[in-house]
Number of protein chains: 2
Amino acid sequence: MSTEPPGDAEPHAAEGVSPGASGGDIPPAAVGRLSLYLRELRRLAAAGSDHASSRQLGQLLGVSDAVVRRDLAYLKPQGRRGVGYVIRPLVQRIRQTLGSNQVWNVVLLGTGSLGNALLRYQGFQEQGFRWVAAFDIAPERIGTVVQDVPVYHTDQLERRIRELEANLAIIAVPAGATGEIARRLAAAGITGILNFAPVALRVGDEICVANVDLASELQQLAFSVLIAGEPADGKPEKSSLKSSKNP
Amino acid sequence: MSTEPPGDAEPHAAEGVSPGASGGDIPPAAVGRLSLYLRELRRLAAAGSDHASSRQLGQLLGVSDAVVRRDLAYLKPQGRRGVGYVIRPLVQRIRQTLGSNQVWNVVLLGTGSLGNALLRYQGFQEQGFRWVAAFDIAPERIGTVVQDVPVYHTDQLERRIRELEANLAIIAVPAGATGEIARRLAAAGITGILNFAPVALRVGDEICVANVDLASELQQLAFSVLIAGEPADGKPEKSSLKSSKNP
DNA sequence: TAGATTGTTAATCGATTAACAATC
DNA sequence: TAGATTGTTAATCGATTAACAATC
């Protein structure tokens, strides 16, 4: 009955709120940060705090306190003036908003070294995501079980996705195979794809795609270093520039 | 003499331009896309094209043609009206701007499954990044060589970084170890850190940090799926929403 | 009460879009 | 020339900052 995922031992997590409702008008920039607030709030709670201020959260993430307050205000007032935010209900509220309140069944495409690392990555489970299957085409991998997740032949993609009621997919296959895989995922009913292959996925409008291009991340970092080293108009010298994807 | 990295067999890559100069005033949003244009331009070139239009590039990446033209205009006019962009010189210009023209020596911190996957990831080398060392504290890993990259004990971090003239570092260690590692990297002269650990790094202003939080990426995707499923005010139904980190 | 911190406003800054003259 | 596509402008949209009254 409860859709409470593991990992977060919150006593009354499944309260009388419709999970995931009412988040339609939060700006993307704020959504990106909500997930990071969640991370830091949990860390604070684990360290024994039960309150946090916008100033504190802002410093932890490198954003201004005004941004934090604005972001959290999208969740309907949760803070107390003069006091700050009570961590536990705030964590619940953020989870509810982001949809972390419900279980997402995730499949992995490609069990190469990156795919393997993703399966072993602890962070997904901790946020309430559940691996239900992995797919590959290499005969020696099929039938194995990695971190409790069974590896099937990609032939079985459609069947297993339906069977296991998977919602999300993570693609970690070679670039060339990506387009075809994405089409099949969409057709099989997957509603969101996190794509690690260095290609721009063009799929239908009825499926969400987020791309993570590791080489591009490093390249952007290198550029930041470059311009930090040649300030506006002086001689090259170390200068302040804090690049952070979610600033 | 030439600082031409491998991977891109461009004949006259090291022309008489100062590498990496003149990029100080490109907006961050554009920088993020430049690296993706580069990727697609290479693919087009490999497929035999020698010209590309802003419309074509825009469609490949899911952005408007106006954005593409504006972005590329930051590099000083490169296109030809009525024709489009000649791919080869444009690739060179983007590489020069981003600093891909020069070699960046990269060290890896942490050779767990994620670290291993990063070492094996082809994309970094292809963009001109060069692994020079990896560090770990697990005795059984020290002294091994992964993909031609030697694994040293973290004790040797400062010495090896100086010796190998490393510029950039990628952190793939457990969250708890990250702060200390980052401080040491900064002290040792590293100028940029790509951080995969789920913590907000607070380091001095003389070093650039970019964070990649994998769990947060998946969480943002889930949120996109959620609001795509509950359109503005109707009954839940699939709807258009194309989430992409670099839209 | 006094001190602290929120929620929110108005002002600024940055990015995207639409449109079109310039020009290949 | 005619058709195509750039470079760039003006208008719109979105996000951040600074400030402060409200209130715990």
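Chain naming here is simple, since letters A, B, ... match the order of the sequence lines and numbering starts at 1 in each. As a basis for the values below, the full set of heavy atoms in this structure was taken, side chains included, without hydrogen atoms, waters or symmetry mates.
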**Report entry** For B/Gln219, the option from A/Gln127, A/Arg95, A/Arg39 that meets side chain to side chain donor-acceptor pair (under 3.5 Å)
**Finding:** A/Gln127
Query raised in the report: Who does C/dA19 pair with, Watson-Crick or G-U, both distances under 3.5 Å?
Result: D/dT8
Query raised in the report: Taking atom P of C/dA4 as reference, at what distance in whole Å does atom CZ of A/Arg55 sit?
Result: 11 Å
Report summary line: Atom NZ of A/Lys76 and atom C1' of C/dG7 are separated, to the nearest Å, by 13 Å
Query - B/Asn211 and B/Asn195 side chains, donor-acceptor separation under 3.5 Å - result: yes
Query raised in the report: For atom CZ of A/Arg55, is the number of surrounding heavy atoms from other residues, nucleotides or ligands below 6.0 Å larger than 12?
Result: no
Query raised in the report: Rounding to a whole Å, what distance do you find between B/Arg69:CZ and D/dT9:C1'?
Result: 12 Å
Report task. Please work out if A/Gln56 contacts a base, only the sugar-phosphate, or nothing of the nucleic acid, heavy-atom cut-off 4.0 Å. Result -> nothing
Query raised in the report: Is the shortest side-chain N/O distance from B/Tyr85 to OP1 or OP2 of D/dG7 below 4.0 Å?
Result: yes
Query raised in the report: Do the side chain of A/Arg81 and the base of C/dT6 come within less than 3.5 angstrom through a donor-acceptor pair of N or O atoms?
Result: yes
Requested in this report: Send over the distance from B/Leu90 CG to D/dT5 C1', rounded to a whole Å.
Outcome: 15 Å
**Report entry** B/Arg70 (side chain) and D/dT6 (base): donor-acceptor pair under 3.5 Å
**Finding:** no
Query - Spatial distance of atom OG1 (A/Thr191) from atom CH2 (A/Trp104) [nearest 0.5 Å] - result: 5.5 Å
Report summary line: When rounded to whole Å, the CG to P distance for the pair B/Asp65 and D/dT8 reads 16 Å
Query - Within 6.0 Å of CZ in A/Arg130, more than 12 heavy atoms from elsewhere - result: no
Query raised in the report: C/dT23 P sits how many Å from B/Gln78 CD, rounded?
Result: 18 Å
Report summary line: Closest to the 5' end of DNA chain D, once A/Gly82 and A/Pro28 are matched to their nearest nucleotides, is A/Pro28
Query raised in the report: When you check the phosphate oxygens OP1 and OP2 of C/dT17, does a side-chain N or O of B/Ser64 lie under 4.0 Å from one of them?
Result: yes
Query raised in the report: For the pair made of CZ in A/Arg33 and P in D/dG14, what is the distance, rounded to whole Å?
Result: 15 Å
Requested in this report: Find the distance A/Ile26:CD1 to D/dG14:C1' and express it as a whole number of Å.
Outcome: 15 Å
Report summary line: As its Watson-Crick or G-U partner within any shown strand, both distances under 3.5 Å, C/dC24 has D/dG3
